[in-house]
Each structure stands twice: as structure tokens, then as C-alpha cells.
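These numbers were taken from a predicted model, which means no experiment stands behind them.
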Amino acid sequence: MEFTIKLAGIPVGVRSLHESTRDLCRDYLTDEEPYFSVTSGEDEIAAERERSAKADEAEGRSVQPYSDEYLETLAVYRKIAEKMTERDILLFHGSVIAVDGKAYLFTAPSGTGKSTHTRLWRKVLPPLGHDVYMVNDDKPLLKFTDEAVFACGTPWDGKHHLSRNCMVPLKGVCRIHQAPQNEIRTMKAGDAWPVLFRQSYRPEDPAHAASVLRMLDRILTGVPLFELYCNMDSEAALVSWRAMGEKGA
């Protein structure tokens, strides 16, 4: 099965074994000529199964019996992310929300509460008169141009499938910590570097590594960085919004 999707403004050809991969990408389909193409096969699916099993074992979890269809979607996105680094586009792990045409990215280890926090923004901010929607709840792409860094929606958007096919200028990155009280502070570049590196896609091709480092440096020098210590009350959303949005860029 062959089709073309458009991610971060780049048409990408996809050849997949399973129709479910095309269905996942239905909101991103395009008739444009692809800039490059990726192919999924049995070998790639087997490699994703091995990666997943190793990750589960490393975290002390039971190995999950994922389907071939699901693993193919991971294989396809991995190949796309690898090629995107050549075009100053980076796959990042986080939950991105847009408010009044500006994007804010929350990142943390899985299970910390980044999706919960963006859900609080969607609950608290619209009644205050703000236009709020999700850009991507799990694996957005960040596109780097001469003018700005843009957060881009993708079909790989978490278990609740929260995303929009859009590109929104990124105006803040925030690392979340669970805490009994709500407090936000500016994150220093030295503290931010390992967080950004850990949550970004690291290319398998060493030739692309320099591109990733250059993109991360753009975030460090050009995007406001924050650390949020928070509980899961609505007040946490107000504390973060006041620092990142109302008083931010």
C-alpha cells in the first residue's frame, strides 16, 4: 500500500504492509509529490518488537505483545524522523497545546502528568476567553526555520489521539515535576540540556547527530524554558499559564 502524507510542511511517501497505517494518517494525506519516501516491511516490524521488548525489560515491565499493525506505525515514524533531521525537523516527546495561536510544550518522563496538565489548560483557559486546542499529545515534530521554531501536529499523538494538522510557533518549553504545591521557575540552560536531549529523537545514522545538537541549541537559546512543580488541581494550570503565556512571549 502506497500513500503520501504531509508532516511539518514536508510531503512524505509511505509504503506500508497494513491499511491501518494509512488510516492512522488519514488527516495528513496529500496528493503532493513526496520529497522522500519510507518503506515498512517484516524486518522493520521485527526490529520494533525487539526494541519494545528491550525497553520493557529495562524498565522492569512485562513485555507487551504489540500487534504487527501497531509496530508498523512505529517503524514508519522512526524512518520519517530519521530523514526529517536532514531538513531541520526534530521528533520530540511531549504534550503540545496551542493558546491564541502560540504553542507551549510540556515534557516529562511517561506517567509524570504532562497530558494531565495540558488537559487542565483546556479546562481552565477557554472560560477566560482563550482559543485553546491540542497540537499533539505525545510525539510532535519541531520545525526549525530562520524565523522561529514551530510545533507541528502528527498522527502519532498518544493513546487519546489528541492532535491537529497544524504548525504553531513554539513560545515555551516546560519540564513537569509532581509536587504538593504549585510553583514555576525559569529553567537554566545547563539543567535544560539533558532534559531536551533525553526527550528528543536520536538518529541511528551518526551523520545526523550534529543536526539534532544544532536544533537543541536553537531551543536553548531561542525558546523560553521553565520548570513546573505541580499537583493536579486547576490552580496548577493558572500558575503555569501566568508565567508562560500571560507574562511570556
Side-chain angles (χ1 to χ4, degrees), residues 1-96 109-111 115 135-143 152-165 197-212 215:
M1 174 173 297
E2 297 184 22
F3 55 94
T4 302
I5 58 177
K6 193 172 185 179
L7 301 174
I10 305 295
V12 179
V14 179
R15 179 179 295 174
S16 66
L17 297 177
H18 302 284
E19 186 175 353
S20 54
T21 300
R22 185 183 188 278
D23 185 58
L24 174 73
C25 300
R26 60 187 177 275
D27 293 336
Y28 295 80
L29 295 172
T30 181
D31 294 327
E32 296 181 43
E33 188 73 19
Y35 285 21
F36 65 88
S37 297
V38 299
T39 300
S40 171
E42 296 294 347
D43 289 346
E44 287 82 5
I45 292 172
E48 288 299 331
R49 179 168 283 110
E50 184 177 354
R51 287 189 185 95
S52 176
K54 287 181 178 179
D56 286 338
E57 291 169 354
E59 295 293 330
R61 302 186 297 258
S62 299
V63 174
Q64 298 299 304
Y66 293 120
S67 67
D68 284 3
E69 289 83 356
Y70 172 71
L71 293 172
E72 179 177 73
T73 66
L74 300 184
V76 165
Y77 200 25
R78 185 182 301 278
K79 285 193 166 187
I80 291 173
E82 190 82 17
K83 297 291 290 183
M84 284 294 200
T85 58
E86 301 173 4
R87 292 162 173 79
D88 291 332
I89 299 171
L90 177 66
L91 167 59
F92 201 88
H93 181 218
S95 183
V96 183
S110 297
S115 295
V135 176
N136 185 281
D137 196 32
D138 189 30
K139 295 181 177 68
L141 290 171
L142 302 181
K143 181 171 184 173
C152 309
T154 77
W156 291 269
D157 52 9
K159 61 183 178 181
H160 299 298
H161 297 294
L162 297 171
S163 66
R164 181 179 291 193
N165 188 351
F197 183 77
R198 186 164 54 247
Q199 300 292 61
S200 61
Y201 176 75
R202 272 92 72 190
E204 296 182 348
D205 185 346
H208 297 161
S211 296
V212 172
M215 287 186 278

message: Evaluate I45 against L17 for side chain to side chain contact (heavy atoms under 4.5 Å, CB included), listing each step before the verdict.
response: CA-CA 10 Å; I45 292 172; L17 297 177; 4.1 Å; yes
query: More than 12 heavy atoms of other residues, nucleotides or ligands under 6.0 Å from CG of D31: is that the case?
result: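 Open: at most 12 neighbouring heavy atoms sit under 6.0 Å from CG of D31.
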- request: For atom OH of Y28, decide whether the heavy atoms of other residues, nucleotides or ligands shown that lie under 6.0 angstrom number more than 12.
  value: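 Above 12, so yes.
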Keeping [X] on the side-chain end and [Y] on the backbone end, is there a donor-acceptor pair under 3.5 Å?
X: E72; Y: H18; value: yes
X: Q64; Y: S62; value: yes
X: R26; Y: D23; value: yes
X: Y66; Y: E48; value: no
X: K6; Y: T30; value: no
X: R15; Y: G41; value: no
X: T154; Y: K139; value: yes
X: T73; Y: Y70; value: yes

So do the side chains of [X] and [Y] get within less than 4.5 Å of each other, counting heavy atoms only?
X: N136; Y: D157; value: yes
X: V212; Y: S200; value: yes
X: L142; Y: M215; value: no
X: I80; Y: W156; value: yes
X: T21; Y: F3; value: yes

- request: Answer yes or no: is there an ion pair linking E44 with K79, defined by an N-O contact shorter than 4.0 Å?
  value: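 Counted as a salt bridge, because a side-chain N and a carboxylate O are separated by less than 4.0 Å.
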task: Could you tell me whether D137 and K159 have a side-chain N and a carboxylate O separated by less than 4.0 Å?
output: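 Salt bridge: no.
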Of all heavy-atom pairs between [X] and [Y], which one has the smallest distance, and what is that distance?
X: T4; Y: G13; result: OG1-CA, 4.1 Å
X: A8; Y: K143; result: O-NZ, 2.9 Å
X: L7; Y: P155; result: CD2-CD, 3.7 Å
X: V96; Y: P140; result: CG2-CG, 3.6 Å

Mind checking the [atom1]-[atom2] spacing from [X] to [Y]? Nearest 0.5 Å is all I need.
X: E50; Y: L71; atom1: CD; atom2: CG; result: 12.0 Å
X: M1; Y: S20; atom1: CE; atom2: OG; result: 8.5 Å
X: E57; Y: S52; atom1: CD; atom2: OG; result: 9.5 Å
X: F36; Y: R87; atom1: CZ; atom2: CZ; result: 5.5 Å
X: S37; Y: K83; atom1: OG; atom2: NZ; result: 9.5 Å
X: I5; Y: E32; atom1: CD1; atom2: CD; result: 12.0 Å

field: Stepwise salt bridge (charged side-chain N to carboxylate O under 4.0 Å, His left out) test for D68 and R49
entry: CA-CA 8 Å; D68 284 3; R49 179 168 283 110; 2.8 Å; yes
- prompt: Among side-chain atoms of Y201 and E82, is any donor-acceptor pair under 3.5 angstrom?
  reply: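 Note: Y201 and E82 side chains meet the donor-acceptor criterion.
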message: salt bridge (charged side-chain N to carboxylate O under 4.0 Å, His left out) for E19 and R22? Distances and angles first, verdict last.
response: CA-CA 5 Å; E19 186 175 353; R22 185 183 188 278; over 6 Å; no
